[in-house]
Amino acid sequence: MLTSVSLETNTGSIVCTSLQDVEKQRTGEMVRLHVKHGDESQFLFDTTVSVSVEELTKQVTSIYNGRLKVSRICSEMEELSEHGITLPPNMQGLTDEQIEELKLKDEWETKCTPSGGSVFKKDELGRRNGHAPDENMKKVLQKTMEEARALIAKKQAEANVCVTMDMVKDALDQLRGAVMIVYPMGLPPHDPIRMEFENNEDLSGTQAGQAVIEEANTQLWWAGKELLRKQKLVDYVGKNEKTKIIVKIQKRGNGAPAREPVISEEEQKKMMMYYHRRQEELKKLEEDEDISYMNADWADSSSLKRQFQGVNDIKWRPR
């Protein structure tokens with residue numbers, strides 16, 4: 001008996017729990033989730049009504065946190081391309097005089113050099129050693145960052161493209177490959193990028209850490225109701241596979257999220273533009289109202305009568 005199948009699709013793989021789910025995926029009969037955090041759109045995700053909320057929560061949380069990881073790595077790679085590798089923790093934030101006075105030395109500076117040599121660009125924050133990659137290697141990092149960000153971007157939802165965990169992993173692999181090309185000897189063990197790739201990142205006390213939602217503390221909400229993990233999705237949305245719903249992800253204990261407005265912000269803007277345009281048209285019609293045509297011959301209701309009586313061309317003034 002089939003219990004779990006990973007089905008490859010154009011946008012990644014989806015875990016199906018039955019042969020029926022496999023067939024539904026092939027025919028495009030899937031429930032589409034528009035995942036939001038607060039009022040902010042995150043990504044689209046396809047699943048089936050037969051999936052358990054427990055499994056669905058794990059999948060959505062993995063993608064949500066995976067996208068955050070990609071963003072964090074890209075942010076650090078921007079600094080890497082500008083100022084080189086990270087200094088050891090005991091040297092960060094110190095001035096050159098303080099480093100010299102304390103007789104501190106970065107042993108990783110000579111071990112982790114970029115391909116093609118380096119260009120010195122001092123890091124004013126004192127986090128990195130200033131030995132940045134040359135222009136060609138910098139372009140490799142920047143191009144890869146753009147591609148990785150585009151793969152898991154929020155704009156994918158606007159383009160009606162679903163994001164899967166495979167796409168997140170693909171973005172991470174692209175970033176890892178670019179770093180290996182530029183730094184073939186690797187990065188120092190204390191560098192945030194290496195720690196992210198090895199899943200050893202320490203986000204405690206940071207804004208980035210607050211954005212991460214642990215799977216055990218994740219709640220999914222739909223239509224003002226929490227999706228309880230012991231239930232299945234079919235218990236909430238019914239058996240119609242061709243359904244699109246807005247699901248909100250948040251940390252446990254934050255209460256119910258705000259419900260979706262009756263009309264979207266985009267629709268509201270269009271309505272306001274329409275009513276404003278209509279108001280301007282009515283105002284213009286009022287300004288253009290002209291009854292001077294009533295003095296024209298063709299508007300005279302007695303004109304035909306005078307023509308029959310032969311008095312149509314009588315002039316009361318002398319010629």
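Below, each value reflects all heavy atoms present in this structure, side chains not excepted, and no hydrogens, waters or symmetry copies. In this text the structure is predicted, and so the values were computed from the model without any measurement.
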(request) Could you tell me whether K122 and D96 have a side-chain N and a carboxylate O separated by less than 4.0 Å? (result) yes

(request) Applying salt bridge (Lys or Arg N to Asp or Glu O under 4.0 Å), name anything that partners E79, two or more places apart in sequence or on another chain. (result) none

(message) Give me the atom names and distance for the closest heavy-atom approach of N65 to I213.
(response) ND2-O, 2.7 Å

(message) Would you say that H34 contacts S41 through its side chain, given a criterion of any heavy-atom pair below 4.5 Å between the two side chains?
(response) yes

(message) Quick check against the 3.5 Å criterion: does D134 have a side-chain atom that pairs as donor or acceptor with the backbone of M137?
(response) yes

(message) Quiz question: by atom type and distance under 3.5 Å, do the side chains of E55 and Q59 form a donor-acceptor pair?
(response) yes

(request) State plainly whether the residues E281 and R278 are in salt-bridge range, i.e. N to O under 4.0 Å. (result) yes

(message) What I'd like to find out is whether the side chain of S115 reaches to under 4.5 Å of the side chain of P184, using heavy atoms alone.
(response) yes

(message) Within the 4.5 Å heavy-atom criterion, are L80 and L187 side-chain neighbours or not?
(response) yes

(request) Given side-chain hydrogen bond (donor to acceptor under 3.5 Å, both in side chains), test T57 with T218 step by step and report yes or no. (result) CA-CA 7 Å; T57 302; T218 302; over 6 Å; no

(message) Please determine whether residues W221 and V35 belong to a single hydrophobic cluster, defined as Ile, Leu, Val, Met, Phe, Trp and Tyr linked transitively by side-chain heavy-atom distances below 4.5 Å.
(response) no

(request) Taking all non-hydrogen atoms of both residues into account, name the closest pair between A208 and R72 and its distance. (result) CB-CD, 3.7 Å

(message) Quick one, S62 and E215 - any side-chain contact, counting heavy atoms below 4.5 Å?
(response) no

(message) For the residue pair R32 / N160, report whether a side-chain donor-acceptor contact shorter than 3.5 Å exists.
(response) yes

(message) Is the shortest side-chain heavy-atom distance between T48 and E241 below 4.5 Å?
(response) yes

(request) Would you mind listing every ring pair (Phe, Tyr, Trp, His ring centres under 6.0 Å) that reaches into residues 223-251, with sequence neighbours excluded? (result) none

(message) Connecting only ILVMFWY residues whose side-chain heavy atoms lie within less than 4.5 Å of each other, what is the rest of M91's hydrophobic cluster?
(response) L87, L94, I99, L102, L104

(request) Output yes when a side-chain donor or acceptor of Q250 lies under 3.5 Å from a complementary backbone atom of L220, and no otherwise. (result) no

(request) Please answer whether the main-chain N or O of K58 pairs with a side-chain N or O of T61 as donor and acceptor at a distance below 3.5 Å. (result) no

(request) For residues R149 and S75, report the shortest heavy-atom separation together with the two atoms involved. (result) NH2-N, 3.8 Å

(request) Provide the closest heavy-atom pair for E196 versus K69 in the form atom of the first, atom of the second, distance. (result) O-NZ, 2.8 Å

(message) Show, in sequence, the C-alpha distance, side-chain angles and deciding distance for E76 and R127, and conclude whether the side-chain contact (heavy atoms from CB on, under 4.5 Å) test is met.
(response) CA-CA 11 Å; E76 288 292 344; R127 289 185 66 238; 3.5 Å; yes

(request) Decide, yes or no, whether a salt bridge links K248 with E226 under the criterion of side-chain N to carboxylate O below 4.0 Å. (result) no

(request) Answer yes if L228 and W222 sit in the same cluster of Ile, Leu, Val, Met, Phe, Trp and Tyr residues linked by side chain heavy atoms under 4.5 Å apart, and no otherwise. (result) yes

(request) Give the minimum heavy-atom separation between M145 and L175, together with the two atoms involved. (result) CA-CD2, 4.1 Å

(message) Could you check whether any side-chain N or O of H131 sits under 3.5 Å from a backbone N or O of F120, counting only pairs where one atom can act as donor and the other as acceptor?
(response) no

(request) Starting from the C-alpha separation in whole Å, work towards a yes-or-no answer on side-chain hydrogen bond (donor to acceptor under 3.5 Å, both in side chains) for T164 and D166. (result) CA-CA 5 Å; T164 67; D166 281 353; 5.1 Å; no

(message) For a side-chain hydrogen bond (donor to acceptor under 3.5 Å, both in side chains) check, start with the C-alpha distance between H190 and T86, then their side-chain angles and the critical distance, and finish with the verdict.
(response) CA-CA 7 Å; H190 54 266; T86 306; 5.9 Å; no

(request) Measure the shortest side-chain to side-chain distance between M271 and Y274 over non-hydrogen atoms and say whether it is less than 4.5 angstrom. (result) no

(request) Taking all heavy atoms of H83 and all of A132, pick out the closest pair and write down the distance. (result) N-CB, 3.9 Å

(message) Determine whether a donor-acceptor pair (N or O, by modelled atom type, separation under 3.5 Å) exists between the side chain of R67 and the backbone of I152.
(response) yes

(message) Are there over 12 heavy-atom neighbours, none belonging to E54, within less than 6.0 Å of that residue's CD?
(response) yes

(request) Find out whether V53 and K230 are in side-chain contact, i.e. whether some heavy atom of one side chain is under 4.5 Å from a heavy atom of the other. (result) no

